[in-house]
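These notes concern the structure reproduced below.
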Amino acid sequence: MIELGVRQKLYIDHKTDFGVYLSECPDRNRENNCVLLPKKQVPSGARIGDQIEVFIYRDSKDREIATTNMPKLQLGELAVLEVAQVNKIGGFMDWGLEKDLLLPYSEQTVKVQKGEKYLVGLYIDKSDRLCATMKIYDFLRTDSPYNDDDIVCGTVYGKNPEYGVFVAVDNKYNAMIQNKEIIKNLKIGDEVHARVLCVREDGKLNLSLREKAYLQMDVDSMKIMKKLKNNNGFLPYHDKSAPEDIRNEFGMSKNEFKRALGRLYKNKEIEITNSGIRINPSQK
């Protein structure tokens, strides 16, 4: 069976002036279901009966056609693709073939922009056309090879204000960063590097953008000192400042802020006053 949307090896059944027709059976037969491989795609010296690896999609006239060019994804796979153009029916993604891949508005989780890149899956719609989708939850796997504290890379594919950010690790494994583990603003399509907090019983990964606590304290302390130095040695924040103000200014929780302040104060790098914090004059 010749399959739409996947790589497969087919046989040259017969030739025409505009290319060759391919079938799944090496024997020429009137019953063979054939698909055209255009002349410019036919390998030099190819003969009837030869086997060729091709990808099957639909051309601009909605006809099934073969190509020896391999796209960046096939059915069941995910890939980060760039938006080549946007019109009234959706976005069109550059996936490595002559005809761009449609991402319908109904399959977008955010309104896509030309030139931006997004993680998408490939599916066949009700009209038997290949389309892209940003609704990729069912494409993701839960059998990752990762363990606690491994550093991973992934793409943000969803957000929930109540829970956090959803990430496709290696663009294939299901993961989440809870709100309390997020230290910067993330948007759909962003690439992130994170630490595995734990592997859940269902195989999904819980991630953090933070280092381990003892390492994160060093990072947070350096961040505070850098901000102090960039603000003439003073900042109007202390251990009684509102948690939301601390997160907006420093990208850390109030507890993390207080731990970092404690370390800086213990090391005599800062002074804490009723109006804020300042670099200890002896450190200047």
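In what follows, every heavy atom counts, from backbone to side chain, and hydrogens, waters and symmetry copies are set aside. Since the structure is predicted, the reported quantities are computational estimates derived from the model, not experimental observations.
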Intermediate values then yes/no, ring-ring contact (aromatic ring centres under 6.0 Å, His included), Tyr237 and Phe250
CA-CA 10 Å; Tyr237 301 95; Phe250 299 97; 5.4 Å; yes

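- Between Pro104 and Ala132, the closest heavy-atom pair is CD-O, 3.4 Å.
- Environment of NZ in Lys204: crowded, with over 12 heavy atoms of neighbouring residues, nucleotides or ligands closer than 6.0 Å.
- With Arg58 contributing its side chain and Asp128 its backbone, the two residues share a donor-acceptor pair below 3.5 Å.
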Could you walk me through whether Arg200 and Asp202 pass salt bridge (charged side-chain N to carboxylate O under 4.0 Å, His left out), step by step?
CA-CA 5 Å; Arg200 292 164 37 180; Asp202 60 5; 2.9 Å; yes

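- Partners of Tyr11 according to the ring pair (Phe, Tyr, Trp, His ring centres under 6.0 Å) rule, which considers only residues two or more places apart in sequence or in another chain, do not exist here.
- Between Leu97 and Thr67, the closest heavy-atom pair is CD2-CG2, 4.0 Å.
- For the atom pair CG (Leu119) and OG1 (Thr109), the distance works out to 9.5 Å, reported to the nearest 0.5 Å.
- Distance check, rounded to the nearest 0.5 Å: OH of Tyr118 to CE of Met93 gives 8.0 Å.
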Worked verdict on Leu207 versus Leu197 for side-chain contact (heavy atoms from CB on, under 4.5 Å)
CA-CA 5 Å; Leu207 308 179; Leu197 276 180; over 6 Å; no

Output, in order, the C-alpha distance, side-chain angles, deciding distance and verdict of side-chain contact (heavy atoms from CB on, under 4.5 Å) for Asn33 and Ser23.
CA-CA 6 Å; Asn33 181 27; Ser23 72; over 6 Å; no

Give the intermediate values and the outcome of side-chain contact (heavy atoms from CB on, under 4.5 Å) for residues Met176 and Val167.
CA-CA 6 Å; Met176 183 178 77; Val167 176; over 6 Å; no

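- Residues Gly90 and Tyr105 approach most closely at N-CE1, 3.2 Å, considering heavy atoms.
- Smallest separation of non-hydrogen atoms from Leu73 and Gly121: CD1-C, 3.9 Å.
- For the pair Leu103 and Val112, the minimum side-chain heavy-atom distance is below 4.5 Å.
- Salt bridge Asp150/Arg195: absent, no basic N to carboxylate O contact under 4.0 Å.
- Ion pairing between Asp59 and Lys61 fails under the 4.0 Å rule for side-chain N and carboxylate O.
- Taking CD of Gln74 as the start and CZ of Arg7 as the end, the distance is 4.0 Å to the nearest 0.5 Å.
- The ring pair (Phe, Tyr, Trp, His ring centres under 6.0 Å) check on Tyr173 picks up nothing, with sequence neighbours excluded.
- Remark: Glu107 CD to Ile136 CD1 distance equals 12.0 Å, nearest 0.5 Å.
- At a threshold of 4.0 Å, the pair Lys227-Glu249 counts as salt-bridged, since one of the basic side-chain nitrogens sits closer than that to a carboxylate oxygen.
- A 4.5 Å side-chain heavy-atom check between Met225 and Leu264 finds at least one atom pair inside the cut-off.
- Interatomic distance, Ser241 OG to Leu261 CG, rounded to the nearest 0.5 Å: 8.5 Å.
- Hydrophobic cluster membership differs between Leu235 and Met222, with clusters built from Ile, Leu, Val, Met, Phe, Trp and Tyr side chains linked at under 4.5 angstrom.
- Note on Leu122 and Phe139: separate hydrophobic clusters, where clusters join Ile, Leu, Val, Met, Phe, Trp and Tyr whose side-chain heavy atoms are under 4.5 Å apart, directly or indirectly.
- No continuous path of hydrophobic side-chain contacts links Leu101 to Leu78 [ILVMFWY only; heavy atoms under 4.5 Å].
- Between Gln8 and Glu3 the shortest side-chain heavy-atom distance falls below 4.5 Å.
- Not less than 6.0 angstrom separates the ring centroid of Tyr137 from the ring centroid of Tyr157.
- Ion pairing of Arg141 with Asp143 is present here, as a side-chain N (NZ or NE/NH1/NH2) and a carboxylate O approach within less than 4.0 Å.
- The closest donor-acceptor contact from the side chain of His238 to the backbone of Asn274 lies under 3.5 Å.
- Using a distance-only test at 3.5 Å, with no hydrogens or angles considered, no donor-acceptor pair links the side chain of Asn267 to the main chain of Glu269.
- Summarising the local packing, OH of Tyr163 is surrounded by 12 or fewer heavy atoms from other residues, nucleotides or ligands at distances under 6.0 Å.
- Counting non-hydrogen atoms of other residues, nucleotides and ligands closer than 6.0 Å to NZ of Lys99 gives a total above 12.
- By the 4.0 Å N-to-carboxylate-O rule, Lys254 lies too far from Asp239 to be salt-bridged with it.
- The side-chain heavy atoms of Pro243 and Phe257, taken from C-beta on, include no pair separated by under 4.5 Å.
- Under a hydrophobic clustering in which Ile, Leu, Val, Met, Phe, Trp and Tyr are joined whenever their side-chain heavy atoms come within less than 4.5 Å, directly or via other members, Leu186 and Val196 fall into the same cluster.
- Defined by atom type and a distance below 3.5 Å, a donor-acceptor pair is missing between the side-chain atoms of Asn280 and Tyr265.
- Here the closest heavy-atom approach between residue Lys15 and residue Ala46 is recorded as NZ-O, 3.0 Å.
- A 6.0 Å sphere centred on CD of Gln51 holds more than 12 heavy atoms belonging to other residues, nucleotides or ligands.
- The nearest pair of heavy atoms linking Gln85 to Asp100 is NE2-OD2, 4.3 Å.
- Side-chain contact, Asn174 with Thr142: no donor N or O sits under 3.5 Å from an acceptor N or O.
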Report the C-alpha separation of Asn171 and Glu77 in whole Å, then their side-chain angles, then the decisive distance to 0.1 Å, and conclude whether the side-chain contact (heavy atoms from CB on, under 4.5 Å) test is met.
CA-CA 9 Å; Asn171 295 337; Glu77 294 180 348; over 6 Å; no

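- Between Glu116 and Lys187 there is no salt bridge, since no side-chain nitrogen of the basic residue lies less than 4.0 Å from a carboxylate oxygen of the acidic one.
- Using a distance-only test at 3.5 Å, with no hydrogens or angles considered, a donor-acceptor pair links the side chain of Asp50 to the main chain of Arg47.
- Looking at heavy atoms from C-beta onward, Tyr57 lies out of side-chain contact with Arg129 at the 4.5 angstrom threshold.
- For the pairing with Ile2, the side chain to side chain contact (heavy atoms under 4.5 Å, CB included) check across Leu22, Ile56, Val54 returns one residue only, Ile56.
- Salt bridge annotation for Arg278-Glu271: present, with a cationic side-chain nitrogen under 4.0 angstrom from a carboxylate oxygen.
- Both Val6 and Leu10 are members of a single hydrophobic cluster when ILVMFWY side chains are connected at heavy-atom separations under 4.5 Å.
- Glu191 and Thr155 share no side-chain donor-acceptor pair at under 3.5 Å.
- Looking only at side-chain heavy atoms (C-beta outward), Glu98 and Ser60 stay at 4.5 Å or farther from each other.
- Here the straight-line distance linking atom CD of Gln41 with atom CG of Asn69 works out to 4.5 Å at 0.5 Å rounding.
- Residues Phe92 and Ile89 have side chains in contact (heavy-atom distance under 4.5 Å, counting atoms from C-beta outward).
- In this structure the side chain of Lys229 reaches within 4.5 angstrom of the side chain of Ile279, judged on heavy atoms.
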